[in-house]
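What follows is one structure encoded as structure tokens, with my remarks underneath.
Just follow the structure's listing: the first ligand is 1, and inside any ligand the first atom is 1.
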Amino acid sequence: MSKKMGDIESFEKSWQGRTEAYYNHWTRGAPKNQVQFAFRNHWIVIKELMNNKNFNNGKRYLEVGCGRGSISSYFSDAGYECSLLDISEEAINIAKEIFRRNELKAKFKIGDAINMPFNDNSFDIIVSIGLLEHFGDIKPLIKEQIRVLDKGGIFLGYVVPKYRDNVQNDYNWINDILKGYVSESKKIIQPQKEELYRTDYDSKKYIKIMKKNGLHDIHASGIYPLPMISHSIKFPFTLMPEKSEKVLLKYFRKCLEEQKKQSDINPWLCEEGYGQAFLIWGFKK
Ligand SMILES: C[S@@+](CC[C@H](N)C(=O)[O-])C[C@H]1O[C@@H](n2cnc3c(N)ncnc32)[C@H](O)[C@@H]1O
């Protein structure tokens, strides 16, 4: 998880006292910034993946390492029975507050992803976004998620490795310019962002474990083929002013439209190693 294995201190610090922690990455209407846009596209992709003959079509949903529960907001709004788990009490309090403000329903649990307070076969959908890469030993973590997943359930992990040559690399010069501007202007003083422990495993390592532990119809794909543009892209991400986000979204929409003309695959998916992350998914036998 964090820099020192088995230590959640870095995550707790990341959530504490930051305005970014309360950003709402879910919206029912049109996305207003790049992170809302990203989560809207994650949701569209996940819905497409759930449209599979091996899925039991159940509604019992769990997000592991939920943070503020952005993807879960989509599930809750769509009527799924949502449970959200995080080891950080701070994160759970933030998620509860965001759900309360948006009048979304869910059950919240503080708990460890390695040893979850749920019975076997309790869920039909298990999702994690940005969790798996923070563990050096992913075997027990994946095993535990498959334990609480019911037959015909879908396991889905969104993994953000330490990419060096992905799409972000081509745009980091813009972020360097923004950093320069921000350091010249008046800044709101916020605590220094923590460096989080992160692995660099590719999907093959995950797929092997998923196969061994009772999943089938297993797949992987790159996802999020666009850059993150901000003076601070470290977790938790800092947004630019509203007007700048609007300009960026116009460009992003155009990029996806162009991509759509070239392929039948959802343009939010891409080659593994190119996008900001990769997705792994499979169904319980
Ligand atoms: C990078 S954040 C992602 C948050 C959220 N999924 C999102 O999409 O914004 C990773 C989250 O995993 C949580 N986490 C880290 N180790 C954990 C563990 N052992 N069990 C449960 N949650 C954990 C952290 O507290 C943090 O909220």
Side-chain angles (χ1 to χ4, degrees), residues 1-18 20-27 33-43 45-46 61-76 82-99 104 106 108-118 123 125-145 147-148 155-162 193-199 223-224 228 232-239 276-279:
M1 2 193 266
S2 50
K3 273 181 287 181
K4 217 170 81 206
M5 303 295 244
D7 162 31
I8 61 144
E9 214 180 304
S10 311
F11 274 112
E12 280 281 299
K13 278 195 190 148
S14 300
W15 290 121
Q16 272 161 10
R18 306 205 73 93
E20 289 98 333
Y22 286 89
Y23 282 174
N24 198 350
H25 294 333
W26 172 77
T27 170
N33 61 59
Q34 59 191 300
V35 190
Q36 289 186 351
F37 184 75
F39 273 99
R40 171 63 54 83
N41 280 293
H42 298 343
W43 166 241
V45 164
I46 293 172
Y61 161 94
L62 170 68
E63 181 177 7
V64 186
C66 62
R68 51 173 97 70
S70 305
I71 199 67
S72 297
S73 300
Y74 278 99
F75 278 94
S76 177
C82 291
S83 296
L84 280 71
L85 175 129
D86 202 290
I87 201 161
S88 157
E89 188 178 356
E90 190 79 26
I92 288 292
N93 288 337
I94 290 167
K96 275 185 185 166
E97 173 58 16
I98 291 177
F99 272 58
L104 294 168
F108 299 91
K109 269 254 164 18
I110 299 167
D112 193 343
I114 297 285
N115 181 17
M116 295 193 282
F118 304 118
F123 299 99
I125 306 150
I126 298 190
V127 173
S128 69
I129 305 250
L131 172 78
L132 303 172
E133 67 274 14
H134 298 296
F135 289 74
D137 187 3
I138 51 175
K139 223 185 273 175
L141 181 63
I142 293 177
K143 245 178 129 168
E144 177 65 353
Q145 293 185 44
R147 176 186 73 76
V148 303
F155 164 92
L156 202 141
Y158 176 105
V159 185
V160 190
K162 277 187 217 156
K193 288 197 178 177
E194 282 288 308
E195 202 61 64
L196 299 173
Y197 170 85
R198 193 186 292 272
T199 58
I223 186 165
Y224 195 165
M228 296 189 284
S232 173
I233 64 168
K234 262 195 198 172
F235 175 80
F237 184 89
T238 309
L239 289 165
Q276 297 287 355
F278 65 81
L279 265 189

Are any of the N/O atoms on Ser70, whether in the backbone or the side chain, positioned under 3.5 angstrom from an N/O atom of ligand 1?
no
Would you please classify the geometry between the Tyr224 ring and the His42 ring as parallel, tilted or perpendicular, with 30° and 60° separating the classes?
perpendicular
Taking CD in Glu89 as the centre, count heavy atoms belonging to other residues, nucleotides or ligands within less than 6.0 Å. Is the count above 12?
no
Working note: Ile129 + His25, criterion side-chain contact (heavy atoms from CB on, under 4.5 Å); need CA distance, chi angles, decisive distance, verdict.
CA-CA 13 Å; Ile129 305 250; His25 294 333; over 6 Å; no
Among Leu196, Leu132, Ile94, Asp86, closest by any non-hydrogen atom to atom 24 (C) of ligand 1:
Asp86
Pick out which of Leu85, Ile125, Leu84 makes a side-chain contact (heavy atoms from CB on, under 4.5 Å) with Leu62.
Leu85
Numbered atoms of ligand 1 (with element) below 4.0 Å of Phe11, judged on heavy atoms:
1 (C), 2 (S), 10 (C), 15 (C), 24 (C), 25 (O), 26 (C)
For ligand 1 and Ser88, I'd like to know whether there is a polar contact (N/O to N/O, distance under 3.5 Å).
no
Which heavy atom of Tyr197 sits nearest a heavy atom of Gly136, and at what distance?
OH-CA, 3.5 Å
Below 4.0 angstrom from a heavy atom of Trp15, which ligand 1 atoms are there? Numbered from 1 as shown, please.
25 (O), 26 (C), 27 (O)
Would you check if there is a donor-acceptor pair between the side chains of Tyr61 and Ser72 at a distance under 3.5 Å?
yes
Taking only heavy atoms of Ile129, which atoms of ligand 1 are found under 4.0 Å from at least one of them?
3 (C), 5 (C), 6 (N), 8 (O)
Minimal heavy-atom distance between Phe99 and Ser76, with the atoms involved, is CE2-CB, 3.9 Å
Do Leu131 and ligand 1 have an N or O pair less than 3.5 Å apart?
no
Less than 3.5 Å between some nitrogen or oxygen of Ala91 and one of ligand 1, yes or no?
no
Does the pair Lys234/Glu195 count as a salt bridge with the N-to-O cut at 4.0 Å?
yes
Using distance alone, determine whether Glu63 and ligand 1 share an N or O pair under 3.5 Å.
yes
Got His134 and Phe11 here, is their nearest side-chain heavy-atom distance under 4.5 Å?
yes
Once you restrict to heavy atoms under 4.0 Å, what part of Phe39 touches ligand 1? Side chain, backbone, both or neither.
side chain
So between Ser14, Cys66, Gly130, whose heavy atom ends up nearest atom 7 (C) of ligand 1?
Cys66
Which atoms from ligand 1 have a heavy atom of Gly111 less than 4.0 Å away?
20 (N), 21 (C)
Examine Leu85 against ligand 1 and note whether any of their N/O atoms are separated by less than 3.5 Å.
no
Per-atom contacts of ligand 1 with Asp112, taking only distances under 4.0 Å to non-hydrogen atoms:
18 (C), 19 (N), 20 (N)
Hey, does the side chain of Arg147 reach the backbone of Phe118 with a donor-acceptor pair shorter than 3.5 angstrom?
yes
Against heavy atoms of His134, which atoms of ligand 1 measure under 4.0 Å?
1 (C)
